There are 2 protein chains.
Amino acid sequence: MNSSTERTHSILNTALGLVRNMGFESVSIASLAKEVGMSKSGLFAHFNSKEKMHLMILDHAADKFAHDIFRISLKSKRGLPRLRLIVKNWLSWFQVNGGGTCPFLAAAVEYDSRPGLVKDRIQLHIGRMIKSLNRSIDICVEEGEFVNDLDTKKATYEIYSLIVGQLVYLRTIEHKTASKMFKISFEELINRYSV
Amino acid sequence: MNSSTERTHSILNTALGLVRNMGFESVSIASLAKEVGMSKSGLFAHFNSKEKMHLMILDHAADKFAHDIFRISLKSKRGLPRLRLIVKNWLSWFQVNGGGTCPFLAAAVEYDSRPGLVKDRIQLHIGRMIKSLNRSIDICVEEGEFVNDLDTKKATYEIYSLIVGQLVYLRTIEHKTASKMFKISFEELINRYSV
DNA sequence: TCGATTATAGCACGATCGTTCGATCTATTA
DNA sequence: TAATAGATCGAACGATCGTGCTATAATCGA
């Protein structure tokens with residue numbers, strides 16, 4: 001990794017921070033340049049276009065997400081313990097540094113009506129997250145912790161929905177109540193998948 | 001209702017259409033003026049500021065939502081039939097005119113990091129939707145269709161989550177598969193609440 | 001140490017934005 | 001008909017944005 005990539009990597013970290021408390025659109029070349037203490041043109045040279053910048057921020061966020069949620073959980077035991085850890089990490093990802101918008105939901109909403117590279121990339125990343133979650137549920141079946149005939153795609157949808165619903169609830173109702181409801185609903189799903 | 005309010009109402013309808021296929025931020029005074037065939041300053045006079053315009057668009061969307069989802073379903077029988085209709089209307093709301101972003105989720109995401117009148121209003125509206133959904137579930141308990149000791153707040157969270165999760169899934173995986181999974185998961189929840 | 005590559009800065013451009021202001025057009029009312 | 005009020009417009013402002021061009025500063029290989 002040469003110095004250029006290192007610098008870019010550090011810029012992308014700053015950018016991701018901005019996305020998480022300003023949304024995607026607000027991270028302009030101008031605002032990011034100011035944040036990292038560079039000139040607009042100096043920063044521009046790193047990306048060559050706003051679209052490419054957004055693409056790289058998105059990929060950076062996806063890398064970090066894959067690491068913080070999935071890769072890290074590989075250390076825990078296959079099956080249910082790992083699934084629990086993944087879900088726990090997933091939820092806590094949106095509460096570090098005083099919370100912040102989910103970069104993927106933000107990007108999905110803001111680019112929903114703008115077909116192009118960025119929108120495609122978002123769908124790719126969200127699709128991968130869902131697939132990774134699905135895989136970790138499949139493993140629970142393999143380990144005999146979930147019933148053999150479980151429709152794991154549906155189970156994935158149900159758990160993913162609880163997570164996304166939680167993101168909305170956390171901003172609408174009291175934090176503690178919201179997260180308690182999640183825990184109960186999640187455990188009920190687990191129980192249902194187990195018998 | 002004088003002609004000014006009628007005109008404003010018609011403008012808000014156009015604005016809501018724009019929100020649903022451009023997102024919230026993209027509906028600027030300039031772009032909305034062009035869409036309705038007015039000058040910027042002419043349109044500006046209707047709202048007096050961009051923030052007030054966004055507030056009024058939001059309120060207009062909430063009015064329409066309350067009517068299209070909840071008020072209309074009052075015609076069906078109290079309890080489960082009405083709940084089913086509400087959920088059906090809710091989902092179909094995002095598929096008329098070839099789909100489109102949910103204005104409330106769009107606003108919530110885009111204004112998440114901008115405290116102020118608009119953000120407060122969004123939380124108000126989302127809170128009201130959830131409360132309305134909760135009420136319709138309470139009625140199912142009153143009617144004896146759901147068990148008496150059902151935690152209806154948790155049930156509300158679970159059904160709301162399935163809906164929000166569906167909005168993401170519709171944009172990520174094949175439409176038919178997504179909506180079939182919703183139907184199955186929703187019916188399972190209903191069954192669980194009934195015994 | 002010198003030459004080349006690379007990172008960054010400065011400046012200018014056209015576009016778009018929200019907002020203001022004064023003028024004009026329209027419709028109502030006295 | 002004349003006066004008035006409300007709706008709309010055109011033009012202009014300062015900001016911000018993405019992007020291109022050119023110059024300078026830093027880094028590194030020979």
Side-chain angles (χ1 to χ4, degrees), chain A residues 1-16 18-19 21-60 106-107 110-111 113-119 121, chain B residues 1-16 18-19 21-60 106-107 110-111 113-119 121:
Chain A
M1 187 185 276
N2 60 31
S3 74
S4 155
T5 340
E6 276 179 32
R7 183 79 183 105
T8 303
H9 191 266
S10 137
I11 290 173
L12 286 174
N13 270 330
T14 305
L16 186 52
L18 277 188
V19 169
N21 55 36
M22 298 181 47
F24 227 83
E25 272 311 273
S26 311
V27 181
S28 59
I29 288 184
S31 69
L32 181 54
K34 182 171 291 182
E35 186 74 15
V36 300
M38 287 180 66
S39 66
K40 274 201 300 173
S41 49
L43 184 85
F44 182 84
H46 280 270
F47 303 108
N48 291 313
S49 83
K50 190 190 185 184
E51 185 182 43
K52 275 181 194 145
M53 180 181 80
H54 277 181
L55 276 177
M56 292 184 67
I57 296 177
L58 215 44
D59 287 345
H60 185 71
E110 296 177 19
Y111 272 94
S113 50
R114 284 185 274 171
L117 292 180
V118 179
K119 184 176 177 184
R121 195 70 63 94
Chain B
M1 188 183 277
N2 60 32
S3 73
S4 155
T5 343
E6 275 179 33
R7 184 79 183 104
T8 303
H9 191 267
S10 135
I11 289 173
L12 286 174
N13 270 330
T14 305
L16 187 52
L18 277 189
V19 169
N21 54 37
M22 298 182 46
F24 227 83
E25 271 312 273
S26 310
V27 181
S28 59
I29 289 184
S31 69
L32 181 54
K34 181 170 291 182
E35 185 74 13
V36 300
M38 287 180 66
S39 66
K40 275 201 299 175
S41 47
L43 183 85
F44 182 86
H46 281 268
F47 302 108
N48 291 313
S49 81
K50 190 190 183 184
E51 184 181 43
K52 275 182 193 143
M53 179 181 80
H54 277 180
L55 276 177
M56 292 184 68
I57 296 176
L58 215 43
D59 287 345
H60 185 70
E110 295 178 19
Y111 272 93
S113 49
R114 283 186 274 170
L117 292 179
V118 180
K119 185 177 177 182
R121 196 68 64 94

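Model, not experiment: these values are computed from the prediction. In the text below, chain A, chain B and the rest are named by the order of the sequence lines, each starting its count at 1.
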In whole angstroms, how far is the [atom2] atom of [N] from the [atom1] atom of [X]?
| X | N | atom1 | atom2 | answer |
| --- | --- | --- | --- | --- |
| B:M38 | D:dA7 | CE | C1' | 7 Å |
| B:R114 | C:dG18 | CZ | C1' | 13 Å |
| B:K34 | D:dT8 | NZ | P | 19 Å |
| B:F47 | D:dT8 | CZ | C1' | 14 Å |
| B:F24 | C:dC17 | CZ | C1' | 17 Å |

[X] (side chain) donor-acceptor with [Y] (main chain) under 3.5 angstrom:
| X | Y | answer |
| --- | --- | --- |
| B:T8 | B:H46 | no |
| B:H54 | B:V27 | yes |
| B:T14 | B:S10 | yes |

Which heavy-atom pair separates [X] from [Y] by the least distance, and what is that distance?
| X | Y | result |
| --- | --- | --- |
| A:E110 | A:F24 | OE1-CB, 3.0 Å |
| B:S28 | B:M53 | C-CE, 3.9 Å |
| B:S113 | A:G23 | OG-N, 4.0 Å |

Would you give the length of the straight line joining atom CG of A:L32 to atom CZ of A:F47, rounded to the nearest 0.5 angstrom?
->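 Answer rounded to 0.5 Å: 6.0 Å.
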
CG-CD1 distance between B:N13 and B:I57, expressed to the nearest 0.5 angstrom |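 If we round to the nearest 0.5 Å, B:N13:CG and B:I57:CD1 are 11.0 Å apart.
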
Could you go through nucleotides 22-25 of chain D and list every protein N or O atom that sits under 3.5 Å from one of its N or O atoms, giving the distance for each pair?
none

Determine: side-chain N/O of B:H46 to OP1/OP2 of D:dT8, distance under 4.0 Å, yes or no.
->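 So the side chain of B:H46 is within the cut-off, an N or O lying under 4.0 Å from OP1 or OP2 of D:dT8.
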
Got a list of protein N/O to nucleotides 13-19 of chain D N/O distances below 3.5 Å?
| unit_1 | atom_1 | unit_2 | atom_2 | d |
| --- | --- | --- | --- | --- |
| D:dC17 | OP1 | A:S28 | OG | 3.3 |
| D:dG18 | OP1 | A:I29 | N | 3.3 |
| D:dG18 | OP1 | A:K50 | NZ | 3.4 |
| D:dG18 | OP2 | A:I29 | N | 3.0 |
| D:dG18 | OP2 | A:A30 | N | 3.2 |
| D:dG18 | N7 | A:K40 | NZ | 3.1 |
| D:dG18 | O6 | A:K40 | NZ | 3.1 |
| D:dT19 | OP2 | A:K50 | N | 2.6 |

